[in-house]
Amino acid sequence: MPNNPAGTMTPRRPAGTLYRGREGMWSWVLHRITGVAIFFFLLVHVLDTAMVRVAPGAYNAVIDTYKNPIMGLGETALVAAIVFHAFNGIRIILIDLWSKGAKYQRVMFWIVIGLWVVTMLGFAPRHLINVFSEVGH
Amino acid sequence: MTLVADAPASGPAPEAPIEAFTVTLIIRRFDPDVDDEPRWQDFDVQMFATDRILDALHKIKWEQDGSLTFRRSCAHGICGSDAMRINGRNRLACKTLIKDLDITKPIYVEAIKGLPLEKDLIVDMDPFFESFREVQPFLQSNTAPPKDKERIQSVADRARFDDTTKCILCAACTSSCPVFWTDGQYFGPAAIVNAHRFIFDSRDEAAQTRLDILNDKEGVWRCRTTFNCTDACPRGIQVTQAIAEVKQAIMRGKP
C-alpha cells in the first residue's frame, strides 16, 4: 500500500521534475535568454540612435538619461550577455562545422566560461569605476 | 529482514548476508479514468545494490499496488520498452542500478516527456514511430546485387555508420530534447540517427532522398545541440555527433 509518512517529500505539483540536463542544455538555455535580451536591447538601441537623424539635441537628451548608475549596471549586464552569447556562438559553430566539435563540446563550454570571466574582469571594474565616478557630476 | 535464503548451501565459506536497503521511489502516476492531472505517489521497497529500477517497479506492482502501469519486455536493455525519467534524466529502468543512485534521497520516476501521457509511465509512442518511418529507415538500392552474392562492403565502409546501428528506438533521446518538448513536429534525434545509419551506408542509394527530407524547417536544423540526447542514450550513441554529420552532409550536398 502506498505509505505517506509524516514529512513526506512527495511533490504537491502535478508537473514533472525539471529535466536535469548537463552543460549542453544549460548553455543553450543561457544562449536563448541572452539572445532574447540582446534583441530587446537592439530594438531600443536602433530607436535611440535614430534620434540623431531627428535632431542632435534630442539624441543628446536621450543619451544623457542613460548616464546614471542603474543604466550603468544595466550596461554591465548587457556586455556580460553579449560576451557570453558571442563566445558560446563560436562554440555552437564549431560543434556544427568542426568534425571533433561534438566530442569537445563540454571542454569548449568551460573555455567559453573562462573567456567570459577574463573578459568581464577586464571590463567590469573599469566600467563601474567610470559609472560611479560620474555620480553627482 | 533476512535475505540469505537464496545463498548457495554448499559454499566453501559462510557468506556474509547481502545487505538490503529501503529505497523510496516517488512515482508520477496518472490514471485517465480517475485523474484530471498526474499525481505523485511514494513507495518504500527493499532493494539490493545490484537491483535495478525495473526490479523496484516490479516489486511495487507485484507486492504493493497492482495498478502501477509501465512497459517492459526483455528487461535487459535491448528491446527499448522501459525508457523513463529517473531522477530527472531519461534512462532505461532495466539498466539503472540502485547502487548508481543516491538512495539516501527518494528516487523520482516519471514518464518520458514530450509524448502524450497515456497512463502512469506509459506514453503514446505513435508520433515517435511516425517520424522514424518518415526518414525511410530501410536499405534502398536500384541495382541488383552481384549474381548469387550478397552486397559486399569494406570494413571501413561498415565502420562509417557503426555507431548509429546500435539504436533500439527506446525514445530516450527524442524525449530528452527541449526542442521536441515544445515542437512535436521536429523529427527528433532518434529519427535522424536512423536516417544517418542509411545515409552513410555505402550499399544504399537513397541518401539524397533522406537528406532532402531532413533538410527541412523541422529537420536537422531544429537541433540546438543541447547534448541531452547523447547523455540520455542507453546505447552510448553519439547522437549529437550523428546529427552534426547529417547537417554537414546536407551542406556538402552528398554523404
Side-chain angles (χ1 to χ4, degrees), chain A residues 1-39 81 84-113, chain B residues 24-30 35-45 60 63-65 67-68 85-90 105-106 108-114 117 175-179 181 220-221 223-232 238-248 251:
Chain A
M1 273 290 105
N3 31 48
N4 263 308
T8 177
M9 292 169 79
T10 312
R12 292 273 166 265
R13 309 173 290 115
T17 57
L18 187 67
Y19 196 89
R20 286 174 57 207
R22 294 174 195 267
E23 290 91 340
M25 181 170 123
W26 294 113
S27 72
W28 167 75
V29 169
L30 269 174
H31 201 79
R32 195 45 76 82
I33 292 170
T34 53
V36 171
I38 294 165
F39 169 76
F84 175 80
H85 201 85
F87 286 141
N88 195 51
I90 294 168
R91 170 178 166 269
I92 293 170
I93 291 169
L94 285 174
I95 289 169
D96 275 342
L97 298 178
W98 178 37
S99 58
K100 291 190 173 74
K103 190 178 169 190
Y104 294 112
Q105 60 95 10
R106 195 164 295 168
V107 180
M108 288 197 293
F109 172 75
W110 291 110
I111 292 173
V112 165
I113 295 297
Chain B
T24 306
L25 274 84
I26 303 185
I27 301 177
R28 191 161 175 254
R29 314 258 337 241
F30 176 67
D35 299 318
D36 291 328
E37 49 188 4
R39 64 198 153 81
W40 292 92
Q41 188 178 355
D42 48 356
F43 299 92
D44 284 345
V45 274
I60 293 167
E63 296 167 13
Q64 297 186 30
D65 185 346
S67 71
L68 180 68
R85 194 139 52 112
I86 298 166
N87 276 350
R89 288 186 176 131
N90 284 0
K105 292 194 219 124
Y108 290 84
V109 181
E110 60 204 295
I112 49 177
K113 200 169 164 170
L117 185 60
S175 61
S176 76
C177 176
V179 178
W181 298 335
V220 286
W221 308 117
C223 170
R224 293 291 183 273
T225 61
T226 69
F227 288 87
N228 278 8
C229 49
T230 307
D231 176 57
Q238 297 302 307
V239 183
T240 317
Q241 171 75 43
I243 298 174
E245 285 171 12
V246 174
K247 285 175 180 169
Q248 287 162 20
M251 286 188 283

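Only a predicted model underlies this, so the values are computations on that prediction, with no experimental measurement involved. Chain naming here is simple, since letters A, B, ... match the order of the sequence lines and numbering starts at 1 in each. Note that these values count all heavy atoms, side chains included, but never hydrogens, waters or copies made by symmetry.
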Pairs flagged by salt bridge (Lys or Arg N to Asp or Glu O under 4.0 Å) wherever residues 86-98 of chain A is involved - sequence neighbours left out: A/D96-B/K247
Region of B/Q241 in contact with chain A, defined by heavy-atom distances below 4.5 Å: both
Do A/R32 and B/R224 make a side-chain contact, defined as non-hydrogen atoms from C-beta onward lying under 4.5 Å apart? yes
Ignoring hydrogens, what is the shortest heavy-atom contact between B/A232 and A/Y19? Give both atom names and the distance. CB-OH, 3.9 Å
Taking every heavy atom of A/G21 against every heavy atom of B/N228, the minimum-distance pair comes out as CA-OD1, 3.6 Å
Specify the closest pair of heavy atoms between B/W40 and A/T17, including all atoms of both residues, with the distance to one decimal. CH2-CG2, 3.9 Å
Step-by-step side chain to side chain contact (heavy atoms under 4.5 Å, CB included) determination, A/R22 to B/F227: CA-CA 8 Å; A/R22 294 174 195 267; B/F227 288 87; over 6 Å; no
Would you mind checking which part of B/T24 comes under 4.5 Å of any heavy atom in chain A, side chain (CB onward), backbone (N, CA, C, O), both or neither? neither
Over all heavy atoms of both residues, which pair between B/N87 and A/R20 is shortest? Give the atoms and the distance, please. O-NH1, 2.9 Å
Select one option (side chain, backbone, both, neither) describing which atoms of B/N90 are under 4.5 Å from chain A's heavy atoms. both
Below 4.5 Å, heavy atoms only, C-beta onward: do B/D231 and A/M25 meet side chain to side chain? no
Is there a side chain to side chain contact (heavy atoms under 4.5 Å, CB included) between B/T230 and A/Q105? Walk through the geometry before answering. CA-CA 12 Å; B/T230 307; A/Q105 60 95 10; over 6 Å; no
Roughly how far, to the nearest 0.5 Å, is the CG atom of A/L94 from the OG1 atom of B/T225? 11.0 Å
Sorted by chain and number, sequence neighbours left out, ring-ring contact (aromatic ring centres under 6.0 Å, His included) with A/F109 holds for none
